[in-house]
Novice: 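One structure, pasted below without further comment.
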Amino acid sequence: MVTAGLIFAALAAALHVYIFVLESLRWTAPRTRATFGTTREEAVATKELAFNQGFYNLFLAIVTTIGVVAVAIDEVPVGAALTFAGSGSMLAAALVLLISSPDKARAAITQGVLPLLAVALLALGLAL
């Protein structure tokens, strides 16, 4: 189960790198605006906020990836802590989005399913 948890954590990290690209590098692009449901004017007005938010997603992905690598090289305590911190924060952010903006439930679920599986499977695998 630990391996499955690490795979889901790595997938969650990859998704958050993709979100970083959308928010920090491609925020005003037509396809990104369509994905987030924003107009050109809204995207221009919120570009700095999205840029910052994108980096939060990147940092969570980096922490999670370092954790996955650490567990893989048998540094289990530090690796598990980093994987739980990164994936758990991703999951918490998805829950905040779901609770604060129920109309964005699809995005919250997309953002939260992989880290949920990572946290659950890693916890079960380490507990057994």
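Note that the structure is predicted; figures quoted are calculated from it, not measured.
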Novice: Please report the closest heavy-atom contact between Ala118 and Ala9, naming both atoms and the distance.
Specialist: CB-N, 3.4 Å
Novice: Looking only at heavy atoms, what is the nearest atom pair of Thr110 and Leu15, with distance?
Specialist: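 The pair with the smallest heavy-atom distance is O-CD2, 3.4 Å.
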Novice: With sequence neighbours excluded, give me every ring-ring contact (aromatic ring centres under 6.0 Å, His included) pair touching residues 57-99.
Specialist: Phe55-Phe59
Novice: Considering only distance and modelled atom types, tabulate donor-acceptor pairs under 3.5 Å from the side chains of residues 88-100, sequence neighbours left out.
Specialist:
unit_1: Ser89; atom_1: OG; unit_2: Ala85; atom_2: O; d: 2.8
unit_1: Ser100; atom_1: OG; unit_2: Val96; atom_2: O; d: 2.7

Novice: Just wondering, do Arg33 and Glu42 contact through their side chains at under 4.5 Å, heavy atoms?
Specialist: no
Novice: Establish whether Met1 and Leu117 are linked, either directly or via other cluster members, by ILVMFWY side-chain heavy-atom contacts under 4.5 Å.
Specialist: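 Yes, Met1 and Leu117 fall within the same hydrophobic cluster.
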Novice: Distance check, rounded to the nearest 0.5 Å: Leu122 atom CG versus Ser87 atom OG?
Specialist: 8.0 Å
Novice: Please say yes or no: joined through hydrophobic side-chain contacts below 4.5 Å, possibly via intermediate residues, are Tyr18 and Val63 part of one cluster?
Specialist: no
Novice: Just list the side-chain donor-acceptor pairs under 3.5 Å for residues 20-29, sequence neighbours left out, or say none.
Specialist:
unit_1: Glu23; atom_1: OE1; unit_2: Gly54; atom_2: N; d: 3.3
unit_1: Glu23; atom_1: OE1; unit_2: Asn57; atom_2: ND2; d: 2.9
unit_1: Glu23; atom_1: OE2; unit_2: Gln53; atom_2: NE2; d: 3.0
unit_1: Ser24; atom_1: OG; unit_2: Phe51; atom_2: O; d: 2.8
unit_1: Trp27; atom_1: NE1; unit_2: Ala43; atom_2: O; d: 3.2
unit_1: Trp27; atom_1: NE1; unit_2: Thr46; atom_2: OG1; d: 3.0

Novice: What pairs of residues pass the ring-ring contact (aromatic ring centres under 6.0 Å, His included) test when at least one of them lies in residues 86-128, not counting sequence neighbours?
Specialist: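 Not a single pair qualifies under ring-ring contact (aromatic ring centres under 6.0 Å, His included).
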Novice: According to the side chain to side chain donor-acceptor pair (under 3.5 Å) rule, which pairs have a member within residues 61-74, sequence neighbours left out?
Specialist: none
Novice: If hydrophobic residues (ILVMFWY) are linked whenever their side-chain heavy atoms come closer than 4.5 Å, directly or via other members, who joins Val69 in its cluster?
Specialist: none
Novice: Please tell me whether Phe8 and Leu128 are part of a single hydrophobic cluster in this structure, the criterion being side-chain heavy atoms less than 4.5 Å apart.
Specialist: yes
Novice: Hydrophobic clusters here meaning ILVMFWY residues chained together by side-chain heavy-atom distances under 4.5 Å, can you tell me if Leu121 and Val113 are in one?
Specialist: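 Cluster IDs for Leu121 and Val113 match.
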Novice: Hydrophobic clustering (ILVMFWY, side-chain heavy atoms < 4.5 Å, transitive) - are Leu6 and Leu124 grouped together?
Specialist: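 No; tracing contacts between hydrophobic side chains, which count when under 4.5 Å, never links both residues.
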Novice: Return the minimal non-hydrogen interatomic distance between Ala61 and Ala13, and the atom names on each side.
Specialist: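 Between these two residues, the closest heavy atoms are CB-O, 3.4 Å.
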Novice: Please enumerate all residues that pass side chain to side chain contact (heavy atoms under 4.5 Å, CB included) together with Ile7, with sequence neighbours excluded.
Specialist: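 Only Thr3, Leu11 meet the side chain to side chain contact (heavy atoms under 4.5 Å, CB included) criterion with Ile7.
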Novice: Could you tell me whether Phe36 atom CZ has more than 12 heavy atoms of other residues or ligands within 6.0 Å of it?
Specialist: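 More than 12 heavy atoms, drawn from other residues, nucleotides or ligands, come within 6.0 Å of this atom.
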Novice: For a quick test of reading the model, state the closest non-hydrogen atom pair linking Ala80 to Leu126 and the distance between them.
Specialist: CB-CD1, 3.7 Å
